[in-house]
Student: 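Got a structure for you, written out below as structure tokens; questions coming shortly.
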2 protein chains.
Amino acid sequence: MPPFDMVRSMTGVGVDVHPCGTCPVRPLTVCAVLDDEEISRLADIVQTVRVDAQHTIFSEGDPATNVFNVTSGTAKLYKLLPDGRRQITGFLFGGDFMGLSVNERYAYTAETVSATTICRFARRKLDTLMDEFPKLQRRLFSLASTELAAAQDQMLLLGRKTAREKIASFLIMLSDRAARRGQRDNPVALPMGRADIADYLGLTTETVSRTFTQLKSSGVISLLENNRVDLIDRTAIHEIAEGV
Amino acid sequence: MPPFDMVRSMTGVGVDVHPCGTCPVRPLTVCAVLDDEEISRLADIVQTVRVDAQHTIFSEGDPATNVFNVTSGTAKLYKLLPDGRRQITGFLFGGDFMGLSVNERYAYTAETVSATTICRFARRKLDTLMDEFPKLQRRLFSLASTELAAAQDQMLLLGRKTAREKIASFLIMLSDRAARRGQRDNPVALPMGRADIADYLGLTTETVSRTFTQLKSSGVISLLENNRVDLIDRTAIHEIAEGV
DNA sequence: CGATATCTTGAGGAATCTCAATACTAGTGG
DNA sequence: CCACTAGTATTGAGATTCCTCAAGATATCG
């Protein structure tokens, strides 16, 4: 397989949407620990691109030449079984990082959910910069640790929670992450479809749909237009999520 | 809660089993990247302890003052739901690392499965050492990334694999890890009980038991004494694990 | 406004769980 | 050395959650 080049290999891609200086998610991401001087060094090795909805950013098995930072929009990461069964391992929103890889290949596929802007770093150049700025290295380590903790929560969800608990946990997670990005925590926007939610929670689309209906019937949520969910009784949803 | 001290708070613990110089798993672990000089610096801040089977090393919510390296034996990490449902997020064998934490608290409980020797580092001192030896920092980052990839595999397993596929995947994983530690890859030792296997795979003990019986009946494994499993047809087990 | 996707709802089925009984294993004390 | 006990594993029968397949409703987009 030839070296991967996202811009050349993708359709629906635009380049250089905004520079790092005006990055809206800088405080949330890797760049938070760098001062303006250092950011400009980072800006030298970064390319900001805009990708339409439903496009592949990289595929499982591709050479892991780049790492990425989502600045706006929504992306998803997933792994497949040979027969097509799919597990989404994470959704990414503005400020989220992806593409870290131990091997020289990506361990999962990354696809946009909605139109998304991403900044892309060549891994080799980032490695060099990490040597130069130890706090960058430290920051990436910290992000990886955070992701690891989230992965463990997701294992608990997948292995031990009921459909009802999974959906409630999912809504709380989206709400909390929206708040962390400085957006309103309610109502919650669902940029992804039922199929994606199902593949993230280890369910089928039908069960996801039925469970939303059921939570609506019990009065804890309300389904608004534009795929948004009103968390009517946040406390109750929290309790459902934790299986209380 | 007072500062946690494993040695004082635990029963079944012995101290200083062996020094770093003769550590049997050094090439597998954090220490692999350090030379003898640097190892001796690490040895200054490490305490090696022996813990009997079925003892808690630290609990979810405890102040995360230490990080640990298992040098022999088996441990497990788990998270609980309020009603007692449990998800084991990982088993640890010689060479494995645990206790990394973003917050100041552990995100999971760690318990020994069999008698285990562990070396313990005070996190604050390790942080200092990381500043001094950037390659130590790099090494920990790499270990965290590897763990993250494993967590994603486990999500695929928990969300999308059948009981049969889960058990097959589990056996392959144990076999591969034994090989990486320089042990025979077959037969596979199962130091943990059925309940632990169930809580790791998102199943019940009964289903685990039935699935072992079923794999035995189809002739791909054989159940030996001392909780060991003979992988008779490794290729077939691999295929079952991947859902082919 | 029609065509196509997606979402919701329904009915029946399958995998796994729950509850219960039996078998095995390992450690203990006679 | 063997019987006893306690814990663990296996097996069985029935219940349940979630899945599969299928149809209808709603939303989206040109």
Side-chain angles (χ1 to χ4, degrees), chain A residues 12 52-54 76 81 83-87 113-115 157-170 189-218 221-229 240 243, chain B residues 12 52-54 74 76 81 83-87 113-115 157-171 189-218 221-229 240 243:
Chain A
D52 287 344
Q54 307 298 348
K76 64 191 175 197
L81 287 171
D83 67 357
R85 277 175 288 171
R86 187 177 68 146
Q87 180 65 40
V113 172
S114 57
L157 178 146
L158 290 168
R160 287 302 180 214
K161 290 188 181 179
T162 65
R164 191 178 162 84
E165 291 161 1
K166 286 176 175 179
I167 295 286
S169 304
F170 181 63
L190 304 181
M192 67 295 288
R194 296 290 186 264
D196 282 347
I197 298 175
D199 283 345
Y200 181 63
L201 300 177
L203 299 169
T204 58
T205 57
E206 293 94 331
T207 299
V208 170
S209 191
R210 275 186 253 271
T211 307
F212 273 121
T213 305
Q214 187 202 322
L215 288 173
K216 187 176 65 175
S217 305
S218 41
I221 65 168
S222 169
L223 301 177
L224 311 176
E225 53 211 7
N226 271 106
N227 270 314
R228 291 171 335 138
V229 180
I240 293 169
Chain B
D52 286 344
Q54 307 298 347
T74 310
K76 64 191 175 196
L81 287 172
D83 66 358
R85 276 174 288 171
R86 187 176 68 145
Q87 180 64 42
V113 171
S114 57
L157 177 147
L158 290 169
R160 288 302 181 212
K161 289 188 181 179
T162 65
R164 190 178 161 85
E165 291 160 1
K166 286 176 176 179
I167 295 286
S169 304
F170 180 63
L171 292 173
L190 305 181
M192 68 294 288
R194 295 291 185 262
D196 282 348
I197 299 175
D199 282 345
Y200 181 63
L201 299 177
L203 299 170
T204 58
T205 56
E206 294 93 332
T207 299
V208 170
S209 193
R210 277 186 251 270
T211 307
F212 272 121
T213 306
Q214 186 201 321
L215 288 173
K216 188 176 64 176
S217 305
S218 41
I221 66 168
S222 170
L223 300 176
L224 311 177
E225 53 212 5
N226 271 108
N227 269 315
R228 290 170 336 136
V229 179
I240 293 169

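None of the values given here were measured: they were computed from a predicted structure. Note on naming: letters A, B, ... go to the chains in the order of the sequence lines (proteins, then strands), and numbering restarts at 1 for each one.
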Student: Rounded to whole Å, please give me the gap between CZ in A:Phe212 and C1' in C:dT8.
Tutor: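 Between C1' of C:dT8 and CZ of A:Phe212: 13 Å.
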
Student: To the nearest Å, give me how far apart CD (A:Glu165) and P (D:dC18) are.
Tutor: 9 Å

Student: Using whole Å, report how far CD of B:Gln214 lies from C1' of D:dT11.
Tutor: 14 Å

Student: With a 3.5 Å distance limit and no angle check, can you tell me whether B:Ser169 reaches the backbone of B:Glu165 through a side-chain donor-acceptor pair?
Tutor: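 Yes, the answer is positive, given that a donor and an acceptor are paired below the 3.5 Å cut-off.
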
Student: Map A:Asn227 and B:Ala195 onto DNA chain D by nearest heavy atom, then report which one ends up closer to the 5' terminus.
Tutor: B:Ala195

Student: Quick one: is B:Thr213 getting a side-chain N or O under 4.0 Å of the D:dT11 phosphate, OP1 or OP2?
Tutor: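 Yes, because at least one side-chain N or O of B:Thr213 sits under 4.0 Å from OP1 or OP2 of D:dT11.
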
Student: Check whether B:Ser217 reaches the backbone of B:Thr213 with its side chain - one donor and one acceptor, N or O, closer than 3.5 Å.
Tutor: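 Side chain of B:Ser217 to backbone of B:Thr213, a donor-acceptor pair under 3.5 Å: yes, one is there.
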
Student: For every nucleotide of nucleotides 10-26 of chain C, 5' to 3': is a protein heavy atom under 4.0 Å from its base (B), only from its sugar-phosphate (S), or from neither (-)?
Tutor: BB----SSBB-------

Student: Work out which heavy atom in A:Gly243 is nearest to a heavy atom in B:Asp83; give both atom names and the distance.
Tutor: O-OD2, 4.2 Å

Student: State the CZ-CD distance between A:Arg164 and A:Gln214, to the nearest 0.5 angstrom.
Tutor: 4.5 Å

Student: Without swapping roles, check the side chain of B:Gln54 against the backbone of B:Ser114 for a donor-acceptor pair under 3.5 Å.
Tutor: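 Side chain of B:Gln54 to backbone of B:Ser114, a donor-acceptor pair under 3.5 Å: no, none is there.
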
Student: State which residues pass side-chain hydrogen bond (donor to acceptor under 3.5 Å, both in side chains) with B:Thr211; sequence neighbours excluded, sorted by chain then number.
Tutor: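 For B:Thr211, no residue satisfies side-chain hydrogen bond (donor to acceptor under 3.5 Å, both in side chains) once neighbours in sequence are set aside.
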
Student: Rounding to an integer number of Å, can you tell me how far A:Ile221 CD1 sits from C:dT8 C1'?
Tutor: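 My rounded result for the distance is 14 Å.
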
Student: Within this structure, what is the CG-to-C1' distance between A:Leu223 and D:dA27, rounded to whole angstrom?
Tutor: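 A:Leu223 atom CG is separated from D:dA27 atom C1' by 14 Å.
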
Student: With a 4.5 Å limit on heavy-atom distance, are the side chains of B:Arg194 and B:Asn227 in contact?
Tutor: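 Yes, side chains in contact.
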
Student: Any side-chain heavy-atom pair from B:Leu215 and B:Ile240 closer than 4.5 angstrom?
Tutor: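 Heavy-atom side-chain distance check passes, below 4.5 Å.
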
Student: Under the rule syn = chi within 90° of 0, otherwise anti, which is D:dA9?
Tutor: anti

Student: Give the rounded distance in Å between these two atoms: CE of B:Met192 and C1' of D:dG7.
Tutor: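 Value for this atom pair: 18 Å.
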
Student: When you measure from the side chain of A:Arg85 to the backbone N and O of B:Arg160, does any donor-acceptor pair fall under 3.5 Å?
Tutor: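 Between the backbone of B:Arg160 and the side chain of A:Arg85 there is a qualifying donor-acceptor contact (under 3.5 Å).
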
Student: Angle between the end axes of the helix from C:dT6-D:dA25 to C:dG30-D:dC1, five pairs per end, to the nearest 10 degrees?
Tutor: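 Taking the rotation axis at each end, their angle is 40°.
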
Student: In whole Å, what is the span from the CG atom of B:Leu215 to the P atom of D:dT10?
Tutor: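 One finds 12 Å between P of D:dT10 and CG of B:Leu215, rounded.
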
Student: Can you measure B:Arg85 atom CZ to D:dT17 atom C1' for me and round it to whole angstrom units?
Tutor: 13 Å

